[in-house]
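Step one of this worksheet: look at the structure below.
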Amino acid sequence: MKLQKFTSLLLTTCAIFATALPTFAEAKLKILLVNGGCCHDYPKQGPLLKSMIESSLDAEVTLALSTSNQPDARFAVYENDNWADGYDLVVHNECTARASDPVYIERILKAHREGLPAVNVHCAMHSYRSGNIRKPVEPGAENAKWFEMIGLQSSRHGPRAPIDVIYEETDHPATVGLVDWTTIKSELYNNIKVFDSATVLARGAQTIEGERTDELAIVWTNNYGPENTRIFSLSIGHTSEEMLDENFESLLIRGILWATENINPDGTAKNDLAKL
């Protein structure tokens with residue numbers, strides 16, 4: 001009898017204790033941030049972008065890093081055929097111009113072609129390249145596949161100088177209410193080809209030695225593959241200091257919301273994703 005009473009008391013105490021424990025809800029968005037490669041301060045940019053996203057949205061960001069800082073860098077996360085399982089979105093912040101293995105690239109693209117949204121930042125536009133990328137690629141060609149996902153083909157950048165950001169689509173949810181601005185010194189990527197599936201939201205221009213450059217696409221959306229997967233790209237963001245600009249942050253966060261279909265027409269977040 002005493003044992004029964006003790007057991008009953010123990011179970012009751014455990015139940016009360018369990019009830020008193022705080023509960024932690026899982027983040028509503030699961031985001032994979034692929035971060036690394038050559039030519040940029042990726043050890044600083046990765047944590048910066050993770051903090052920026054998680055402080056703005058109800059999101060959990062997983063950092064996938066490369067052990068290499070070379071242009072042929074590979075990421076261990078992509079070596080698994082099921083690398084994208086469990087994620088709502090991938091942020092590509094990588095610079096791997098000489099990583100040209102078609103099997104490896106196809107493994108990445110397959111997930112996006114099947115519906116996984118993406119946000120591409122800066123040098124992601126110059127990654128996974130092969131062949132002559134200085135002339136417009138042919139649809140379906142091996143060296144066109146990454147550009148088809150992005151929605152734009154670029155081959156190089158100009159001198160480091162501030163970029164004037166001019167919004168072209170001012171009623172798009174990702175840009176509505178945003179005002180033109182100028183970055184700190186940055187890199188303006190050229191436009192070899194803008195695909196029909198892409199919509200340019202903002203253009204950028206620089207003044208170099210008194211000469212004004214052409215206005216080139218620097219923020220755009222793309223509908224990719226048979227599932228019309230939402231892809232958002234911004235080719236600015238060369239340095240960590242540039243990323244710290246609130247204008248950059250606004251574009252990044254809205255791009256994530258647009259790509260995951262969590263954005264209202266006025267640019268605000270749906271589904272209680274925004275953190276106060």
Side-chain angles (χ1 to χ4, degrees), residues 28-29 31 49 52-53 55-59 88-93 112 115-122 124-125 147-154 162-184 186 188-206 212-237 242-276:
K28 293 183 178 179
L29 276 184
I31 296 174
L49 291 175
M52 185 179 292
I53 295 167
S55 64
S56 299
L57 300 174
D58 185 0
D88 301 301
L89 175 114
V90 174
V91 176
H92 290 288
N93 186 46
H112 296 308
L116 179 67
V119 170
N120 303 305
V121 179
H122 194 56
M125 270 49 86
F147 295 132
E148 287 172 335
M149 183 275 286
I150 290 171
L152 185 147
Q153 177 186 349
S154 176
I163 298 174
D164 294 329
V165 179
I166 305 110
Y167 289 107
E168 188 164 294
E169 293 287 339
T170 56
D171 58 354
H172 190 280
T175 54
V176 64
L178 301 183
V179 296
D180 296 351
W181 56 292
T182 302
T183 71
I184 61 173
S186 187
L188 182 61
Y189 281 15
N190 70 347
N191 299 169
I192 299 293
K193 178 177 182 176
V194 178
F195 290 79
D196 292 341
S197 55
T199 299
V200 177
L201 302 183
R203 296 185 183 273
Q206 293 173 311
R212 182 78 166 174
T213 67
D214 292 337
E215 292 185 2
L216 302 173
I218 57 172
V219 183
W220 65 93
T221 64
N222 188 42
N223 293 322
Y224 173 62
E227 300 298 324
N228 286 316
T229 307
R230 289 189 172 203
I231 309 293
F232 184 91
S233 299
L234 57 163
S235 63
I236 53 178
E242 186 181 350
M243 289 179 172
L244 287 169
D245 191 304
E246 62 182 8
N247 294 285
F248 177 92
E249 181 176 357
S250 294
L251 283 170
L252 177 69
I253 299 303
R254 291 210 194 178
I256 291 170
L257 293 173
W258 177 84
T260 58
E261 300 186 61
N262 282 299
I263 197 166
N264 291 308
D266 65 355
T268 56
K270 286 183 180 179
N271 302 319
D272 297 323
L273 278 174
K275 287 186 175 178
L276 297 178

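- Listed for the Arg254 side chain is a donor-acceptor partner under 3.5 Å among the backbone atoms of Val176.
- In this structure, the side-chain hydrogen bond (donor to acceptor under 3.5 Å, both in side chains) partners of Glu242, at least two apart in sequence or on a different chain, are Ser186.
- Summarising the geometry, atom CG belonging to Asn191 is positioned 10.5 Å from atom CE belonging to Met125; distances are rounded to the nearest 0.5 Å.
- Checking side-chain atoms of Asn222 against main-chain N and O of Glu148 turns up a donor-acceptor pair under 3.5 Å.
- Inter-residue side-chain proximity for Phe195 and Lys193 is flagged as met; some heavy-atom pair is nearer than 4.5 Å.
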Exercise. Show your working on side chain to side chain contact (heavy atoms under 4.5 Å, CB included) between Val119 and Trp258 and close with a plain yes or no.
Key: CA-CA 10 Å; Val119 170; Trp258 177 84; over 6 Å; no
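- Among residue pairs with one or both ends in residues 162-181, those qualifying as salt bridge (Lys or Arg N to Asp or Glu O under 4.0 Å) are Asp164-Arg212, Glu168-Arg203; sequence neighbours excluded.
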Quiz prompt | Steps toward side chain to side chain contact (heavy atoms under 4.5 Å, CB included) verdict (Leu29, Leu89) | solution = CA-CA 8 Å; Leu29 276 184; Leu89 175 114; over 6 Å; no
Practice problem: Please step through side-chain hydrogen bond (donor to acceptor under 3.5 Å, both in side chains) for the pair Tyr189 and His122, ending with a clear verdict. | Solution: CA-CA 9 Å; Tyr189 281 15; His122 194 56; 3.2 Å; yes
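- Distance check, rounded to the nearest 0.5 Å: CE of Met52 to CE of Met243 gives 7.5 Å.
- To the nearest 0.5 angstrom, Thr221 atom OG1 is 12.5 Å from Leu234 atom CG.
- Residues Ala205 and Glu215 approach most closely at CB-CG, 3.9 Å, considering heavy atoms.
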Exercise. Determine, step by step, whether His92 and His112 satisfy the side-chain hydrogen bond (donor to acceptor under 3.5 Å, both in side chains) criterion, reporting the C-alpha distance in whole Å, the side-chain angles of both residues, the deciding distance to 0.1 Å, and the verdict.
Key: CA-CA 12 Å; His92 290 288; His112 296 308; 2.9 Å; yes
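- Annotation: side chain of Thr175 is in contact with side chain of His172 (closest heavy-atom distance under 4.5 Å).
- The side-chain heavy atoms of Lys28 and Asp272, taken from C-beta on, include a pair separated by under 4.5 Å.
- Residue Thr182 holds its OG1 atom at 8.0 Å from CD1 of Ile166, rounded to the nearest 0.5 Å.
- In this structure, Ile31 and Ile256 have side chains that are in contact, with non-hydrogen atoms separated by less than 4.5 Å.
- With hydrogens and angles disregarded, no donor-acceptor distance shorter than 3.5 Å links the side chain of Asp214 to the backbone of Leu216.
- When each of Leu257, Thr260, Asn264 is paired with Lys270, the side-chain contact (heavy atoms from CB on, under 4.5 Å) condition holds for Asn264 and for no other.
- Checking each of Asn247, Leu188, Ile218 against Ile236 for a side-chain contact (heavy atoms from CB on, under 4.5 Å) leaves exactly one that passes, namely Ile218.
- Residues Leu201 and Phe232 have side chains in contact (heavy-atom distance under 4.5 Å, counting atoms from C-beta outward).
- Between Leu178 and Tyr167, the closest side-chain pair of non-hydrogen atoms falls below 4.5 Å.
- Counting heavy-atom neighbours within 6.0 Å of Asp196 CG, excluding the residue itself, gives a total of 12 or less.
- Atom CG of Asn223 is separated from atom CD1 of Ile231 by 9.0 Å, given to the nearest 0.5 angstrom.
- Atom CG of Asn120 sits about 10.0 Å away from atom CG of Asn93, to the nearest 0.5 Å.
- Gln206 places none of its side-chain heavy atoms less than 4.5 Å from the side chain of Pro162.
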